[in-house]
Amino acid sequence: FRRFSDSLGISTKYPSLFSPEKRAPLIGKVLARKGDIRLVDPKDQVANRLERWALQSVARHALPDSRTAACMRNRAKGCSHVAVKWSKSSERASYANLQVCGSVWACPVCAAKISEHRRKELADLVDKHRAAGGFVYLVTRTFSHKSTSSLEALQQGLKVAENSLKSGKYWQSMKKDFGYVGTVRALEVTLASASGGWHPHIHELWFVASQLSEEAQENLRSKMFDKWTLACAKAGLGAPSEEHGVDVRGGKDASRYISKWGMASELTKGHVKNSFKGLSPFDLLRLGLHTEDTSAAGGARALFAEYADAMKGRQQLVWSHGLRKKYEQPEPEDDEDVVKGTEPDAEELGRLDTDEWRAILRTNRRGQLLEAVNAADGDWSAAAAFIATAVADHKRGVGGVAPDVSEAETATLAQPLTHDAWPDTGTPAKPIPRHDKQGIARRAPKTHHSGVLVGAMVGQEHPRPASRLVGPLA
C-alpha cells in the first residue's frame, strides 16, 4: 500500500482527511461552540439511554458507509421481523434480529454495552489481585502535540513510543524494582482546548506486589519519565512536560478510576464522557446534535469521522502478557459478541413487521419504543399502542426531516421533560443503507438535520434547508 507523511514526519497507512493548514482552524471553530452542548443528568439512566440513540444517529451521518450506519436499524440476515425482548432481572427491553456494528469507538449504543462488560472484567481482576495482597496504581502518560497533527499520525507515533518504553534492560530493571505484576492499558483521546489539537494519552493500571510509599511512587514516576522522554523523541512525538508527561496516583485514585470506568452515565471513561478541558469524541456528536451553527456541526462530524477511522480495529483495553492466566481470567469475548449477548432470562414480547419497523425508523423512535415498554414493566400492549401511533404518524408524514418543525416535535415542545420525549434525530427521509453481499453498507443520503452535506467541504450548506432538530434537550 501507499504510505503518507504527516506534519510530524511520521509515515501513516492512510491519508489524512484534512491538510495541516485546515485542521487547526476547523478544530478552533468546533471548540468555540462547546457551550452549545446540552448535557443530560448523569443520574437519569433513561435520559442517558435516549441520548445514545440520538448520538448514534449523528454518528450515522458522519460515517455513512460504515457498519455503524446500519447498526440497530437494518434487520440481520435471514430475519423477516424485528423482535422486542424483555428481561425480568434487569427490567429492561431490548431489540433482537437487528444488525450490530460492535464498535466501541464509533457507536454510542454498542459502546455502552461493551464498556460495561469490560469494566466488570477489570473489576474482577482488581478484586483478585487485592485478595492476593497486591496493590493497584494509576499511571498516565502523555506528550506535547500540535493542532496541525492528524490523529492517525499521533497514534502511530504513540505506538512506537510505547514499544520503545517497554523494551530493554532499563524497563526490566524498573519492573523488578517496583514489584511489577502486570498492567492493563487504556487509550484516551480528546480534543484539547489548550493546544487546539488531538490529544491521545495513556491510562494504565499498574498491578504491583506490595504497597508503594509516596517516595516510591515519585521514584517510579521519575524513572518512567526519563525513559518516556527518550521514547517520545525516538517516535518523533513532542517532548512530554515534567509536570504532565508521567503521572502516578495511589490506591484511592486508581480505585475511583476503576469504579467509574464504563458506568452507564459515562459509557466509557475516555471517548464518551463529557470533557471539561476540551471535547471528547462523543462530545463531537453532542455538538452535532445541539448546535445551530451548521458549519461547526459539519466540522464536528468531520472530526469524528477522522477519529473513528484512526481508532478502527484498536482494542479498548490491552492486558499485559500473562496477567489473565495468573488470575485465571477467561479470554475476552469479541466486542460484537458482547453486543449480541442478551440477558439469560430475556424472552420475546412481540414482533414488528417491515412496515412497523420502517415507521419507527422514519419517525425516529427506536429509543422511545423501548422506554415505553420499560415504563409499562414489559406490557406489550403499551408497545402495540406506541407502534400504532408511529405508523399513523409516518403515513401522515410526521417525524421526517422535510417539515421545518414536525407535528411530533411540536407536541414534544408542549410537554414537560419526560423520559421518552427525546426524538432519535437526524434520520434521512430516503431509504436506510442497504448492504451488499459482503455486508458493507452502501452510501446513505448525506443530509443532516443541520442542513450540511456530510463528506462535502466543511461549512458548505445544503442548498435546500432541512428541518431543525427540536426537542426537550435541543
Side-chain angles (χ1 to χ4, degrees), residues 1-34 55-56 58-69 101 103-108 111 145-159 187-193 195-201 237 268 270-272 275 278-289 291 294-314 316 441 443 446 448 450 452-460:
F1 49 79
R2 182 184 176 190
R3 302 195 68 87
F4 302 83
S5 292
D6 183 80
S7 58
L8 288 175
I10 297 173
S11 179
T12 59
K13 184 176 178 180
Y14 303 105
S16 173
L17 297 176
F18 313 104
S19 66
E21 296 77 17
K22 291 182 179 179
R23 179 179 285 101
L26 174 63
I27 292 176
K29 180 183 295 184
V30 169
L31 286 170
R33 304 304 302 187
K34 180 181 177 180
L55 296 183
Q56 190 201 50
V58 182
R60 177 175 176 244
H61 287 277
L63 309 168
D65 293 332
S66 70
R67 296 181 65 194
T68 301
C101 66
S103 174
V104 71
W105 306 114
C107 179
H145 48 88
K146 300 178 181 179
S147 60
T148 55
S149 299
S150 72
L151 181 55
E152 173 69 18
L154 292 174
Q155 296 278 52
Q156 293 288 346
L158 183 58
K159 182 178 179 180
L187 173 64
E188 183 173 340
V189 177
T190 60
L191 273 177
S193 56
S195 65
W198 289 112
H199 176 50
H201 49 285
L237 298 175
T268 60
H271 61 291
V272 180
S275 176
L279 291 173
S280 71
F282 279 23
D283 278 339
L284 294 172
L285 298 181
R286 293 184 180 100
L287 185 61
L289 179 68
T291 186
T294 57
S295 180
R301 293 194 304 275
L303 288 169
F304 183 80
E306 181 185 16
Y307 157 80
D309 183 64
M311 300 302 291
K312 186 176 181 181
R314 297 182 183 273
Q316 188 180 29
R443 184 171 294 275
K446 298 182 182 178
H448 183 263
S450 62
V452 179
L453 276 174
V454 178
M457 184 181 300
V458 174
Q460 180 181 354

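Between Phe304 and Phe282, the ring planes lie tilted relative to each other; the angle falls in the 30° to 60° range.
Put simply, CZ on Arg33 and OG on Ser295 are 10.0 Å apart, with the number rounded to the nearest 0.5 Å. Taking CH2 from Trp198 and CD from Glu152, the interatomic distance works out to 12.0 Å, rounded to the nearest 0.5 Å. Separating the CG atom in Leu287 from the CG atom in Leu55 is a distance of 11.0 Å, to the nearest 0.5 Å. Atom NZ in Lys159 sits 15.0 Å away from atom CG in Leu154 (nearest 0.5 Å). A distance of 8.5 Å separates CG of Leu284 from CG of Leu31, quoted to the nearest 0.5 Å. Expressed to the nearest 0.5 Å, how far NZ of Lys29 lies from CD1 of Ile27 amounts to 12.5 Å.
Listed here is the closest heavy atom pair of Gly288 and Ala300: N-CB, 4.4 Å. The two atoms that bring Cys107 and Thr68 nearest to each other are CB-CG2, 4.0 Å, heavy atoms only. Considering every non-hydrogen atom in both Ala59 and Ala106, the closest pair reads CB-O, 3.7 Å. Across all non-hydrogen atoms, the minimal contact from Leu303 to Val30 is CD1-CG2, 3.9 Å. Of all heavy-atom pairs spanning Val104 and Ala111, the tightest one is O-CB, 3.4 Å. Heavy-atom minimum distance, Leu158 versus Pro200: CD2-CB, 4.3 Å.
The main-chain N or O of Gly278 is found under 3.5 Å from a side-chain atom of Lys34 such that the two form a donor-acceptor pair.
Using a 4.5 Å heavy-atom threshold, the side chains of Glu306 and Ser150 count as touching.
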Verdict with supporting geometry, Ser147 and Arg23, side-chain contact (heavy atoms from CB on, under 4.5 Å): CA-CA 7 Å; Ser147 60; Arg23 179 179 285 101; over 6 Å; no
Trace of the salt bridge (charged side-chain N to carboxylate O under 4.0 Å, His left out) decision for Asp283 with Arg286: CA-CA 5 Å; Asp283 278 339; Arg286 293 184 180 100; 2.9 Å; yes
side-chain contact (heavy atoms from CB on, under 4.5 Å) evaluation trace for Thr190 with His201: CA-CA 9 Å; Thr190 60; His201 49 285; 4.2 Å; yes
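Residues passing the ring pair (Phe, Tyr, Trp, His ring centres under 6.0 Å) test with His145, sequence neighbours excluded: His199.
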